[in-house]
Amino acid sequence: MHPITTFSAQIVALPVENIDTDQIVPARYLKTTNKVGLGDAAFADWRWNSDGTPKPDFVLNRPDVQNAQILVAGNNFGCGSSREHAPWALTGAGFKAVISTFFGDIFRSNALKNGLLPIVVDEDTLYQLFSLFEEDPATVVTIDLPNQQLVLPGGQRVGFPLDPFAKHCLINGVDQMGFLLHEDSMIAAYEARHPARVQTV
Amino acid sequence: MPIPRTLFEKIWDSHTVRPQTEATPAVLYIDLHLIHEVTSPQAFTELRARGIAARRPSQTLATMDHSTPTTPRNNLGVIPVIDAQGAAQLAQLEQNCQDFGIPLFKLGSENQGIVHVIGPEQGLTQPGMTIVCGDSHTSTHGAFGALAFGIGTSEVAHVLATQCLLQSKPKTMEIRVDGQLGRGVTAKDIILAIIAKIGVGGGTGYVFEYTGEAIRALSMEQRMTICNMSIEGGARAGLIAPDETTIAYIKGRPRAPQGQAWDEAVAYWQSLPSDHGATYDATVVLNANELRPMITYGTNPGMGIPIDGRVPTVAQMPDASQRLGLEKSLKYMGLEQGQPLLGQKINMVFVGSCTNSRISDLREAAALIKGQQVAPGVRMMVVPGSQQVKRQAEAEGLHEIFRAAGAEWREAGCSACLAMNGDMVPSGEYCVSTSNRNFEGRQGPGSRTFLASPITAVASAINGVVADPREMLN
């Protein structure tokens with residue numbers, strides 16, 4: 001995974017609560033056996049007509065947000081299914097971060113493993129971001145990961161929580177699989193003390 | 001005196017390979033890893049890229065369920081897969097299982113079925129275990145007092161490679177259901193009422209433990225229905241303490257412990273229930289006596305009402321964002337605020353999914369539809385949860401009852417719950433579904449879902465409109 005530290009990007013607001021992973025990527029796109037190529041599947045049913053033409057009133061189809069890399073969404077983004085295709089589709093569509101008041105637990109975990117930042121802010125900040133986007137769709141914010149701060153256009157800094165281990169992995173580009181593989185001797189010791197409870201073979 | 005612990009804490013502690021610290025999450029050992037065709041291919045790709053084997057194939061089991069057709073078998077007894085992408089995904093799972101030595105229940109084979117139906121059926125799901133699967137409804141297995149939760153594909157690779165996961169300890173929430181259920185009110189109605197009360201984000205960051213008289217009175221299959229939808233309340237896992245009902249269900253199943261190992265296992269299981277004095281981070285209480293059959297009207301499982309209630313009005317919503325959410329949902333659903341759902345015309349009924357496709361669900365549905373007819377213009381699909389459920393139902397003649405009523409009797413799989421396999425609700429049409437999600441497009445693009453119990457689904461199928469099952473149970 002590539003290390004992530006501080007970056008600035010245009011925001012796009014999707015002020016809808018409880019956006020579930022079936023909206024982020026509908027199940028019919030889950031027949032792929034790859035991680036790549038899911039960008040067009042992101043929000044497919046909101047974004048495309050059944051004939052494949054774009055729905056002009058959906059915000060992500062607006063010409064002035066095509067470079068947006070930070071999605072600002074209503075409460076409880078990413079609830080529902082465990083599909084990691086959701087962060088794959090969002091990163092495929094060019095997003096580096098999603099800002100909301102809280103996230104579905106599995107989505108948050110999946111996002112962090114794919115370098116997609118789930119940034120938690122309070123409701124006032126969320127509404128401030130919605131307003132900023134409404135007033136100026138070109139609004140750019142900065143995400144300062146080492147300091148765990150979101151920097152708004154006027155220079156206002158808003159802190160956000162982040163699990164220290166996730167932060168360490170993101171900043172240093174550490175992959176969690178490598179970390180777990182290093183625990184091999186502890187795992188073996190555990191297995192020696194705890195015989196398998198079931199046999200599937 | 002040892003500190004009193006909850007059921008969850010006992011399982012967490014006994015599976016901690018390395019404890020959580022300020023800087024790192026816990027390394028948690030996984031006893032059983034279930035996999036299916038949709039969320040595993042990229043995980044195997046990662047193992048191949050790193051040149052590593054599966055650490056414990058004998059603690060791993062694969063099945064085919066999500067993208068499998070449920071159409072009848074051909075003359076050779078084979079279920080044909082027409083969809084090329086689905087077929088490729090199934091073929092890849094077979095190859096992956098072969099290459100990594102993982103046992104697989106192939107499409108149409110005698111034990112194949114929905115991943116959350118087959119684990120318990122085989123006796124693999126046991127109290128005190130940690131169980132994961134790349135599927136959010138893994139919470140189902142919590143009905144046995146196991147810590148079971150859904151994981152992403154990166155984590156599927158972690159478990160394949162190390163049999164472990166990096167996890168931060170979640171908070172605990174007790175959901176106590178006192179009292180007794182009335183006639184026509186089921187486990188599905190309990191869980192829909194819980195989610196309506198706490199909302200779809202109410203359990204985020206928590207593991208649920210369901211307690212109380214009404215929970216203790218449930219069968220294992222009913223408990224699975226409850227735990228299955230923990231994720232719809234935002235919780236990754238939901239547990240019910242093991243008791244005599246649990247032990248009786250497991251005894252004699254193919255993968256259950258035998259002989260002395262059985263006695264030892266039972267003694268261990270009996271040590272698992274939460275200690276007297278153990279505390280939870282939050283508690284929610286419901287009274288089963290007050291519950292009525294529940295149905296959803298909107299586009300998330302928290303948008304549920306008693307079946308004889310009315311859709312809320314925008315003015316009743318506490319804040320602007322919920323007002324917008326309700327308006328958006330009702331527009332999608334083609335419903336009016338304040339309207340009753342009873343009498344709402346429907347086009348389809350789906351009885352199936354990991355929530356409600358077990359033999360007791362099919363028995364209840366069959367008992368109600370026996371001698372009746374599915375209303376003209378309504379399509380009713382009955383999809384058993386596994387090949388074993390299908391065989392049992394056929395041995396009892398349930399399939400003949402469904403067919404005589406005009407319903408379709410199909411092969412086992414996830415089917416129209418998520419519409420990956422061609423079984424879907426046409427755009428704009430209404431389906432009363434025993435599944436777990438009513439999200440926009442969940443049952444096919446433009447589909448409109450009313451979530452309900454199997455008996456509410458059957459009552460609605462017979463009447464051609466949303467109907468109250470209590471009126472048919474005389």
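Sequence lines set the chain letters: A, B, ... in the order given, protein chains first and strands last, and positions in each chain run from 1.
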Notebook entry, point to check: Counting heavy-atom pairs under 4.5 Å to chain B, which of A/Lys167, A/Arg83, A/Lys31 comes out on top?
Noted result: A/Lys31
Check: Which bit of B/Phe105 comes within less than 4.5 Å of chain A, counting heavy atoms only: side chain, backbone, both or neither?
Finding: neither
Next item on the list: Could you tell me the separation between the OG1 atom of A/Thr33 and the CZ atom of B/Phe44, rounded to the nearest 0.5 Å?
Entry: 13.0 Å
Notebook entry, point to check: Do you know which of B/Gly234, B/Pro257, B/Gly205 has the most heavy-atom pairs under 4.5 Å to chain A?
Noted result: B/Gly205
Next item on the list: Work out which heavy atom in B/Ser14 is nearest to a heavy atom in A/Arg197; give both atom names and the distance.
Entry: OG-NH2, 4.4 Å
Checklist line | Contact class of B/Glu46 relative to chain A, heavy atoms under 4.5 angstrom | finding: side chain
Item checked: Interatomic spacing from OG1 in B/Thr162 to NE2 in A/His182 - rounded to 0.5 Å -> 12.5 Å
Margin query: Could you check whether A/Asp105 pairs with B/Arg236 (Lys NZ or Arg NE/NH1/NH2 to Asp/Glu carboxylate O, under 4.0 Å)?
Written below: no
Check: So which of B/Ser58, B/Pro41, B/Gly201 has the largest heavy-atom pair count under 4.5 angstrom toward chain A?
Finding: B/Ser58
Checklist line | Minimal non-hydrogen separation, A/Ser82 against B/Ser136, with atom names | finding: OG-N, 3.5 Å
Item checked: 4.5 Å side-chain heavy-atom contact, A/Val198 and B/Arg255 -> no
Margin query: Can you tell me how far apart CG (A/Asp45) and OH (B/Tyr332) are? Round to the nearest 0.5 Å.
Written below: 7.5 Å
Next item on the list: Quick one: which of B/Leu32, B/Ile151, B/Leu61 has the most heavy-atom pairs under 4.5 Å with chain A, could you say?
Entry: B/Ile151
Notebook entry, point to check: Roughly how far, to the nearest 0.5 Å, is the CG atom of A/Leu30 from the CD atom of B/Glu37?
Noted result: 10.5 Å
Check: Has the side chain of B/Glu440 got a donor or acceptor atom that lies under 3.5 Å from a matching backbone atom of A/Gln23?
Finding: no
Next item on the list: Find the one option among B/Leu165, B/Thr45, B/Ile231, B/Thr60 whose heavy-atom pairs under 4.5 Å with chain A are most numerous.
Entry: B/Thr60
Note to self: Testing the basics here: between A/Glu191 and B/Gln163, what is the closest heavy-atom pair and its distance to 0.1 Å?
What the structure shows: OE2-CB, 4.3 Å
Next item on the list: Between chain B and each of A/Val201, A/Thr200, A/Thr32, count heavy-atom pairs under 4.5 Å; write down the option with the most.
Entry: A/Thr200
Check: So which of B/Ser321, B/Gly444, B/Ala157 has the biggest tally of heavy-atom pairs under 4.5 Å with chain A?
Finding: B/Ser321
Note to self: Testing the basics here: between B/Pro445 and A/Arg28, what is the closest heavy-atom pair and its distance to 0.1 Å?
What the structure shows: CG-NH1, 3.5 Å
Check: Side chain, backbone, both or neither: which part of B/Asn300 has a non-hydrogen atom closer than 4.5 Å to chain A?
Finding: side chain
Margin query: With a 4.5 angstrom heavy-atom cut-off, is it the side chain or the backbone of B/Arg442 that approaches chain A, or both, or neither?
Written below: both
Check: Of the backbone (N, CA, C, O) and the side chain (C-beta and beyond), which part of A/Phe107 lies under 4.5 Å from a heavy atom of chain B, both, or neither?
Finding: neither
Notebook entry, point to check: Can you name the nearest heavy-atom pair linking B/Gly152 to A/Ile106, along with the distance?
Noted result: N-CG2, 4.2 Å
Notebook entry, point to check: What part of A/Ser109 gets closer than 4.5 Å to chain B, counting heavy atoms only: side chain, backbone, both or neither?
Noted result: side chain
Checklist line | Which portion of A/Phe165 sits near chain B, non-hydrogen atoms under 4.5 angstrom | finding: both
Margin query: Is A/Ala111 close to chain B through its backbone or its side chain, or both, or neither, when contacts mean heavy atoms under 4.5 Å?
Written below: neither
Next item on the list: Against chain A, label B/Ile102 side chain, backbone, both or neither, depending on which of its atoms sit under 4.5 Å from a heavy atom there.
Entry: neither
Item checked: Check ion pair B/Arg55-A/Asp184 (N to O, under 4.0 angstrom) -> yes
Next item on the list: Could you look at B/Glu22 and say if it's the side chain, the backbone, both or neither that has a heavy atom under 4.5 Å from chain A?
Entry: backbone
Check: Which atoms of B/Gln59 come close to chain A, meaning under 4.5 Å heavy atom to heavy atom: side chain ones, backbone ones, both, or neither?
Finding: both
Notebook entry, point to check: Would the number of heavy atoms belonging to other residues, nucleotides or ligands and lying under 6.0 Å from CD of A/Glu134 be above 12?
Noted result: no
Next item on the list: Please name the pair of heavy atoms, one in B/Arg437 and one in A/Gly80, separated by the smallest distance, quoted to 0.1 Å.
Entry: NH2-C, 3.1 Å
Check: Does any heavy atom of chain A fall under 4.5 Å from the side chain of B/Asp83, the backbone, both, or neither of them?
Finding: side chain
Margin query: Under 4.5 Å from any heavy atom of chain A, what part of B/His15 do you find: side chain, backbone, both or neither?
Written below: both
Margin query: Quick check: do B/Ile52 and A/Leu181 have side-chain heavy atoms less than 4.5 Å from each other?
Written below: yes
Check: Given a strict heavy-atom distance threshold of 4.5 Å, which part of A/Glu17 is in contact with chain B: side chain, backbone, both, or neither?
Finding: side chain
Note to self: Nearest 0.5 Å, please: how far is OG1 in B/Thr153 from CH2 in A/Trp88?
What the structure shows: 4.0 Å
Item checked: Part of B/Ala23 within contact of chain A (heavy atom distance under 4.5 Å) -> backbone
Checklist line | Part of A/Asn34 within contact of chain B (heavy atom distance under 4.5 Å) | finding: backbone
Item checked: Qualifying residue, where the test is side chain to side chain donor-acceptor pair (under 3.5 Å) with B/Ser154 and the options are A/Lys113, A/Lys35, A/Glu84 -> A/Glu84
Note to self: Using heavy-atom distances under 4.5 Å, tell me whether B/Val27 contacts chain A through its side chain, its backbone, both, or neither.
What the structure shows: side chain
Item checked: Contacting moiety of A/Tyr29, where chain B heavy atoms sit under 4.5 Å -> neither
Notebook entry, point to check: Checking heavy atoms, do the side chain of B/Gln126, its backbone, both or neither come under 4.5 Å from chain A?
Noted result: side chain
Notebook entry, point to check: Given that the side chain runs from C-beta out, which part of A/Glu183 has a heavy atom under 4.5 Å from chain B: side chain, backbone, both or neither?
Noted result: side chain
Check: Between A/Asn76, A/Leu180, A/Asp175, A/Asp163, which has the largest tally of heavy atom pairs under 4.5 Å with chain B?
Finding: A/Leu180
Next item on the list: Please indicate whether A/Asp136 has more than 12 foreign heavy atoms, meaning atoms of other residues, nucleotides or ligands, lying under 6.0 Å from its CG.
Entry: yes
Check: Of the listed residues (B/Gln322, B/Arg50, B/His66, B/Lys328), which shares the most heavy-atom pairs with chain A below a 4.5 Å separation?
Finding: B/Arg50
Note to self: Less than 4.5 Å to any heavy atom of chain B: does that hold for the side chain of A/Val16, its backbone, both, or neither?
What the structure shows: side chain
Next item on the list: Nearest 0.5 Å please: distance from the OG1 atom of B/Thr299 over to the CG atom of A/Asp22.
Entry: 11.5 Å
Notebook entry, point to check: Quick one: what part of B/Leu160 sits under 4.5 Å from any heavy atom of chain A, side chain, backbone, both or neither?
Noted result: neither
Item checked: Structural part of B/Ser168 lying under 4.5 Å from a heavy atom of chain A -> side chain
